[in-house]
2 protein chains.
Amino acid sequence: MKVGPDIAPIAALVGDPARASMLSVLSNGRALTATELAQEGGVTIQTASSHLSKLVAGNLLVVNKQGRHRYYRLKGPEVAAMLESLMGLAADAGHMRVRTGPKDPALRRARVCYDHLAGDLSVDLFDRLVTRKILRLSKTDNGADDSVMLSGKGRAYFADLGIDLEALAGKRRPLCKACLDWSVRRNHLAGGLGAALLNHFYERKLARREPESRIVTLSARGEKKLAAMIAGQD
Amino acid sequence: MKVGPDIAPIAALVGDPARASMLSVLSNGRALTATELAQEGGVTIQTASSHLSKLVAGNLLVVNKQGRHRYYRLKGPEVAAMLESLMGLAADAGHMRVRTGPKDPALRRARVCYDHLAGDLSVDLFDRLVTRKILRLSKTDNGADDSVMLSGKGRAYFADLGIDLEALAGKRRPLCKACLDWSVRRNHLAGGLGAALLNHFYERKLARREPESRIVTLSARGEKKLAAMIAGQD
DNA sequence: TTCATAGTTCGATCATAACCGAAGCATCGA
DNA sequence: TCGATGCTTCGGTTATGATCGAACTATGAA
């Protein structure tokens, strides 16, 4: 029969509604306390405590003890990617937690996916960067994990933006990665470069993150800048 | 306020050990029958039937009915990608499975499928006939039921072999049909033409059927002939 | 036709795990 | 030292859903 990883225990962890809510709210890459996560999951703090222990034991979360608070966050980008792929399938199957609330369009347009930008704008940008040959894309057989590389032209492009590629190359994390977007079901840019790009927007006050949410709000200048990047007029 | 896709139902589907095993073995993109998947999951066929219904309802699998068999396969590459990301995390957390099992090589190579040839050789032949435009294949959206037609070139090809296409066309049975192969999970040629082709091999003593078995044994001449057909040198 | 095989549906059993109350532990501020 | 807060652990209840036997439908084989 089979040799390989046993996905059932991990999936079962995500399969509980309370835990799934906790993981969803943590997929913006931030850290939250046990009490906050209990409220998010709609359970008492005792129950939440049990859930959180299991998530830590299952290598999905890490905990950071600060005084009498315990801050939980996703263990890494791989966890966020797994959650995103589940969100895509859930949206496909019509499983929604809230039917198109007012925040929903904003969430679809621009949101944080762990530590990089996701949503319509991010997907459009990714497509454009590929057609401009700033990113080089190589498809795999099953179309699942596309590998992304930065071209020579791309290096100049991001250096012009003021992003330190040398520093990023030194990290263990891959520079470029394609991440499947749940709302559009197309790729956006992840990896160190994706994170650096979002950080670039934060630093220059082109974008800010809404508190307690995954929504990213662009300033007027930010809108203009991103539109120019997508149009290829920068 | 909670906004976005609800990942819990999907993850819970994957979270059951029996279903997870089924999904894992299907993640090579091939199709398996309900009975095979039951064995894979280590449950009875009744239980497997229940699991498979849920997986289809949850948009993770699609089912392809062929005779009294039901072939289940992953709905799409997004499902495979989700499973892949889960496998990465599972391996990370040290969750592994181990088991092994054998199968009959002769049966895999060439066997009877109802009244036509199946197995590795037959699948290879089918592929070759398509690339040589002897058969014309039109894929459907989901890739499930492929329809096959005989081209003009194909009519000449089979007429040269001495197969009476006029007689076959008179029958109610469809001339060409794609049949999903049990061992390779790819298509081979079925229908009246598939049956006629196997019969052609029987008549010319190129092949004979083993008693009490589905195994088809090729004579030396038969091996040569079939190899030539697959190589396109006939 | 009759038999065999593939698969589904129903019903009952049973095990797991989610849940919360209560109690306990740890940290902070005063 | 004390009380307040953040969180964990324990124990008992409960509900969900996985499981399989038996009966049923559908298709193929003879």
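Proteins get letters first, then strands, A, B, ... in listed order; numbering begins at 1 in each. No experiment lies behind these values; they were computed from the predicted model shown.
- Across all strands, A/Ser50 comes closer than 4.0 Å to no nucleic acid atom at all (heavy-atom distances).
- For D/dC7, the OP1/OP2 oxygens have a side-chain nitrogen or oxygen of A/Thr35 closer than 4.0 Å.
- Picking from D/dT19, C/dC19, C/dG7 the nucleotide with the shortest atom distance to the side chain of B/Ala34 gives C/dG7.
- Every residue two or more places apart in sequence or in another chain that forms a side chain to side chain contact (heavy atoms under 4.5 Å, CB included) with A/Leu26 is listed here: A/Leu32, A/Leu37, A/Leu61, A/Leu74.
- B/Asn64 places its CG atom 17 Å from the P atom of C/dA6, with the value rounded to the nearest Å.
- Distance, A/Leu37 CG to D/dC7 P: 9 Å, rounded to whole Å.
- Distances were taken from every side-chain heavy atom of B/Lys54 (C-beta onward) to each of C/dA6, D/dA18, C/dT8; the shortest belongs to D/dA18.
- When the side-chain nitrogen and oxygen atoms of B/Thr47 are compared with OP1 and OP2 of D/dC20, one or more of them lie within a distance under 4.0 Å.
- Per the geometry, CD belonging to B/Gln39 stands 16 Å off C1' belonging to C/dT5, to the nearest Å.
- For A/Ile45, whose side chain is taken as the heavy atoms from C-beta onward, the closest listed nucleotide among D/dC7, D/dT19, C/dA6 is D/dC7.
- Between B/Thr44 and D/dC20 there is a side-chain polar atom (N or O) within less than 4.0 angstrom of OP1 or OP2.
- A/Asp16 meets the salt bridge (Lys or Arg N to Asp or Glu O under 4.0 Å) test with no other residue; sequence neighbours excluded.
- The interatomic distance linking B/Leu52 (CG) with D/dA18 (P) rounds to 13 Å, in whole Å.
- Checked by atom type, the side-chain pair A/Arg214/A/Ser27 shows a donor-acceptor distance below 3.5 Å.
- Closest contact between the side chain of B/Tyr72 and the listed nucleotides D/dC7, D/dT8, C/dG7 involves C/dG7.
- Per the geometry, CG belonging to B/Leu32 stands 15 Å off C1' belonging to C/dA6, to the nearest Å.
- Under the rule for a side chain to side chain contact (heavy atoms under 4.5 Å, CB included), the partners of A/Lys75 that lie at least two apart in sequence or sit in another chain are A/Asn59, A/Val62, A/Val79.
- With sequence neighbours left out, A/Arg68 forms a side chain to side chain contact (heavy atoms under 4.5 Å, CB included) with no residue at all.
- For B/Lys153, the NZ atom sits in a packed shell: over 12 heavy atoms of surrounding residues, nucleotides or ligands are nearer than 6.0 Å.
- With sequence neighbours excluded, the residues satisfying side chain to side chain contact (heavy atoms under 4.5 Å, CB included) with A/Glu78 are B/Leu89.
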Please produce a list of atom pairs where a protein N or O lies less than 3.5 Å from an N or O of nucleotides 22-30 of chain C.
none

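- Taking every side-chain heavy atom of B/Val43 into account, D/dT19 is the closest of D/dT19, C/dC20, D/dC7.
- Considering only the side chain of A/Ser49, D/dT8 comes nearest among D/dT8, C/dA6, D/dA18.
- Here C/dA17 presents its P atom at 9 Å from CZ of A/Arg19, a figure rounded to the nearest Å.
- OP1 or OP2 of D/dT19 sits under 4.0 Å from a side-chain N or O of B/His51.
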